[in-house]
Asks: 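I'd like to ask you about the structure that follows.
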There are 2 protein chains.
Amino acid sequence: MTERLEGDVPVQSATTAASLVRETATLAVSGFGRVGYPKAVPLALAESGRDLSLTVVSGGSVGEEIDTELLAADAIERRFPYQATPEAREAANRGTVAYQDRHIEAFGDEVRQGHYGAVDVAVVEAVAVGEDWLIPSTSLGHTPACVEAAERLVVEVNEVQPLALQALHDVYVPDPVPHREPVPLTSPGERIGGPRIEFDPAKLSAVVLTDRPDSPYSFREPTREDEAIAVNLATFLSAELERNPTFAESVRLQFGVGSLGNALMGELGRIEFGDRDVAYYGEVVQDGLLDLVDDGSLSAVSATSLALSETGQRRLFERVERYAERVVLRPAEITNGAELVNRLGVVAVNSALEVDLYGHVNSTHVDGTHVMNGIGGSADFFRNSPLSIVTLASTARDGALNRIVPRVGHVDHTEHDVDVVVTDQGVADLRGSAPRERATLLVENCAHPSFQSSLEDYVDRANTAGGHEPHETDR
Amino acid sequence: MTERLEGDVPVQSATTAASLVRETATLAVSGFGRVGYPKAVPLALAESGRDLSLTVVSGGSVGEEIDTELLAADAIERRFPYQATPEAREAANRGTVAYQDRHIEAFGDEVRQGHYGAVDVAVVEAVAVGEDWLIPSTSLGHTPACVEAAERLVVEVNEVQPLALQALHDVYVPDPVPHREPVPLTSPGERIGGPRIEFDPAKLSAVVLTDRPDSPYSFREPTREDEAIAVNLATFLSAELERNPTFAESVRLQFGVGSLGNALMGELGRIEFGDRDVAYYGEVVQDGLLDLVDDGSLSAVSATSLALSETGQRRLFERVERYAERVVLRPAEITNGAELVNRLGVVAVNSALEVDLYGHVNSTHVDGTHVMNGIGGSADFFRNSPLSIVTLASTARDGALNRIVPRVGHVDHTEHDVDVVVTDQGVADLRGSAPRERATLLVENCAHPSFQSSLEDYVDRANTAGGHEPHETDR
């Protein structure tokens, strides 16, 4: 059995490790889905009183020690590729932190290429470390790429994260472009790597012991709209599986991170899968999946993070080795990789803020200007999926706000990347349709009745103005 | 040596073959870059006097026999995934033909999945045919997928297309999802298939002999803006190759189809490649590439179509076997495939109509409503490239129209997919930048001086309104 610490590793206090980070460093941290991120060193940095102007890059979202505490210490000047705390969102919208959301799939290569400056230090949470390897904790994310790109490495060994988590990990790291080989993965549950991230031992600058738990996720209870969306999605998918030869034998599913995604995962039992092999190939394991693993509905679950509630995390931790028979954690460049999503034929289900008449989707910017979290992996899956499905409630703010709109204020996914839109009202299957047909399908099938007639009026006026994608006014 | 016709193939007149196409058929045709498309059967259909309502799908753009003549006969009701004639454009904008442009990369799978209905007949141009194989002519496009999906197959053997073209072809067809294996291609010039497309012999319904040449391309002469863009691009790329380890040994380039792309290809000599291996991995071979093949500047050219001018085509036809030492034609799902563009590290250079302050790109819809041609393969390359570059003149209509705009009227490529913008005015390297920084870079470096102050005013007003991607008004 692997020990927490093996060989001659430089154990130090968090404060000492934090002092290795220079004032204007590019700091890469582990973490994805708000788990598996380092806690002690960011807190020590936040409490250091130093005048820091850091560029912080992560795999995905991280917890409050970074995106709340370190941010509040005015230590973060630049932040990529994703954030999910109210404070980080506010800083992005004020423009006081230079933030841009980025495609998860591509972010590892962007870090390797130096888009965010040379990475000075990577601070990574692990369950165990040796002189030239570490075993990640609850997420893999872009930790391999960050470790590879960093000049120095600090490892936080977190003793509340079970050592047994190693049984879940499958660390396969693509070679650098242009020497990259095809990723040899051809089924969702296959293992092509091992539990360890390896590194040049000269990089290992500090090992810090910690016992702070991850910030647990919390999901809201499913709403009536969530339920209606789940029913409409199940009806559509049950028919599609019968019709489409791509799904004759197997179905691989991905659901977006969040309460709607979690609710939909919990309602998978509504879909008539028949005797098809059903697997999950997505970004995160959410609570909704655990029952399906337990009852054998899913033959495999592949993800990069265990984004569970406190209850869900306890449930998994108690039986990690049992779950490891079916659950695999991979680097985000594999879970979200274009070639894998395409090859495995992953059905992608992601939520959105609003959809326009022609199928363009806004999933990030309220009013087109104020960012929520970021695009995350949604476009990685939509772009390469043989069946990409947008799910959203037809209205927001207790029915006051229409979400099927003439024009979206910000485009994250274009008309070319979305096949089907599902709301609480119904389903618009946009495949093989021209723009004017799309408008009709979306208004008739997906819009809320209280907004249908004003949308129909808009469509009439727009069609009079003319064009391939008619709009009432130019710009 | 392969004969034009081998074995017992059902030679028939174009008129007889055309009668196999039922009135409301989904008709799949070969063709990409306006070459290698069938001519005789579409003309016979156009002249048949029948009341046709066809869905026509192709690999990419085709010539006038289809998108002008057959269209003028009112025979086309639906058209995907690309068009490039004035008549087809007008029909799309009037809404009299249901048209949508689609990603080239994904279109073969969309046809296989039945997005455009079951394919009744594929009509394919070839240089030779046997009982269960054909050899394509000047383009491969989505011909393999169309042949695979079609119930019946009609082959036009075109005797003006040299039989020697077979030396260029490398037909590798991915297995259907979910049984798809990694594509075993790891360098631009490698060959992983053979010259033939194979099919179930029961499909072969007619073979038609023809001698109509392809509609030749014509390129406008490079403008002063084209020259300035070429100089700015060369300066940027020369520095980037030195800096970026991805390009330490080799560079693989793609240029968009069209006059600007052709002009930029012709100016590749301006880039300081040093002793790097330089190859082309794109959609089409345009005239600008032939000199570089002849003088040995390019070690390999991989494309799906020979989109040459009449002069260029003659030049290639006279020495096909010589060119075949370095030029490979592949199916479009390989030339544009996400995994290949990523793995090979293709630098993507594509033009656009307009770019907004945050890096969103409109490459298809004038005024946001009127389609030009379509997205084509531009997003296939931009999305998966390690370095995606938009090239455009800073103004249009003799300086009257600004092309660096507050908001684009239609988004084809989002801020996440574009790394660098190059105009005649300069270069904006957007990598690692936040939205407000992007606005400054684009206004200062890329906008035309005559529009800079009004853009600066807009940026000031937008920043006052606030948000992560500030805009003056909502929507």
Side-chain angles (χ1 to χ4, degrees), chain A residues 78 92-95 98-100 102-103 109 113 115-117 176-178 180-184 186 244 246 250 252 338-339 342-345 360 365 367-371 375 379 383-384 386 407 409-412 414 416 431-437 463 465-471 474-475, chain B residues 78 92-95 98-100 102-103 109 113 115-117 176-178 180-184 186 244 246 250 252 338-339 342-345 360 365 367-371 375 379 383-384 386 407 409-412 414 416 431-437 463 465-471 474-475:
Chain A
R78 309 178 68 73
N93 285 319
R94 274 199 318 264
Y99 168 70
Q100 199 200 25
R102 302 294 302 162
H103 293 310
D109 278 342
Q113 274 201 76
H115 286 205
Y116 310 99
V177 170
R180 187 158 289 176
E181 295 286 321
V183 180
T186 55
N244 192 330
T246 303
S250 63
R252 287 81 187 259
E339 69 175 284
N342 170 276
R343 187 185 303 151
L344 301 176
H360 303 275
H365 283 72
D367 295 333
T369 52
H370 285 65
V371 73
I375 194 167
R383 181 67 171 87
N384 297 290
R407 281 187 194 263
H410 186 269
V411 176
D412 292 290
T414 77
H416 308 100
R431 294 174 292 178
S433 64
R436 291 171 193 229
E437 297 167 332
N463 286 350
H468 179 243
E469 295 199 354
H471 275 296
D474 48 2
R475 315 289 159 90
Chain B
R78 308 178 68 73
N93 284 318
R94 274 199 318 264
Y99 169 70
Q100 200 200 24
R102 302 293 302 161
H103 293 310
D109 278 341
Q113 275 201 74
H115 286 206
Y116 309 98
V177 170
R180 187 159 288 175
E181 295 286 321
V183 180
T186 54
N244 193 329
T246 303
S250 64
R252 287 82 187 259
E339 70 175 281
N342 171 276
R343 188 185 302 152
L344 301 176
H360 304 276
H365 283 73
D367 294 333
T369 52
H370 285 65
V371 73
I375 194 167
R383 181 67 172 86
N384 297 291
R407 279 187 195 264
H410 186 271
V411 175
D412 293 290
T414 77
H416 309 100
R431 294 174 292 180
S433 63
R436 291 172 192 229
E437 297 167 332
N463 286 349
H468 179 242
E469 296 199 353
H471 276 295
D474 49 2
R475 315 290 160 90

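We name chains A, B, ... by the order of the sequence lines, and we start the count at 1 in each one. Computed from heavy atoms alone, side chains included, the values below leave out hydrogens, waters and symmetry copies.
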Asks: So for A/N463, is it side chain, backbone, both, or neither that comes closer than 4.5 Å to the heavy atoms of chain B?
Replies: neither
Asks: Tell me if a side-chain donor or acceptor on A/H365 pairs with a main-chain N or O of B/G467 at a distance below 3.5 Å.
Replies: no
Asks: Using a cut-off of under 4.5 Å on heavy-atom pairs, state which of A/T414, A/T186, A/T246 scores highest against chain B.
Replies: A/T246
Asks: Decide side-chain contact (heavy atoms from CB on, under 4.5 Å) for B/Q100 and A/E437; before the verdict, give the C-alpha distance in whole Å, the side-chain angles of both, and the deciding distance to 0.1 Å.
Replies: CA-CA 10 Å; B/Q100 200 200 24; A/E437 297 167 332; over 6 Å; no
Asks: Are B/V371 and A/E469 close enough that some pair of their side-chain heavy atoms sits under 4.5 Å apart?
Replies: no
Asks: Identify, with sequence neighbours excluded, every residue that meets side chain to side chain contact (heavy atoms under 4.5 Å, CB included) alongside A/R431.
Replies: A/F236, A/E240, A/R243, A/N244, A/L387, A/D419, A/V420, A/D429, B/Q113, B/H115
Asks: Listed by chain and number, what are the ring pair (Phe, Tyr, Trp, His ring centres under 6.0 Å) partners of A/H360, not counting sequence neighbours?
Replies: B/H410
Asks: Taking all heavy atoms of B/Y99 and all of A/P435, pick out the closest pair and write down the distance.
Replies: O-CD, 3.1 Å
Asks: Taking A/L344, A/N342, A/D109 one by one, which has the highest count of heavy-atom pairs under 4.5 Å against chain B?
Replies: A/N342
Asks: Minimum heavy-atom separation for A/T369 and B/G466, please, with both atom names.
Replies: CB-O, 4.2 Å
Asks: Indicate the atoms forming the closest heavy-atom contact of B/V177 with A/R343, along with that distance.
Replies: CG1-O, 4.0 Å
Asks: What residue, out of B/E181, B/R252, B/E339, has the most heavy-atom pairs lying under 4.5 Å from chain A?
Replies: B/E339
Asks: Determine the option with the most heavy-atom pairs under 4.5 angstrom with chain B, choosing from A/A465, A/G345, A/G117, A/S433.
Replies: A/S433
Asks: Non-hydrogen atoms of chain A under 4.5 Å away: do they reach the side chain of B/P470, the backbone, both or neither?
Replies: backbone
Asks: At a heavy-atom separation under 4.5 Å, does A/R436 approach chain B through its side chain, its backbone, both, or neither?
Replies: side chain
Asks: Please find the pair of heavy atoms, one from B/G409 and one from A/R407, that lie closest to each other, and give the distance.
Replies: O-NH1, 3.4 Å
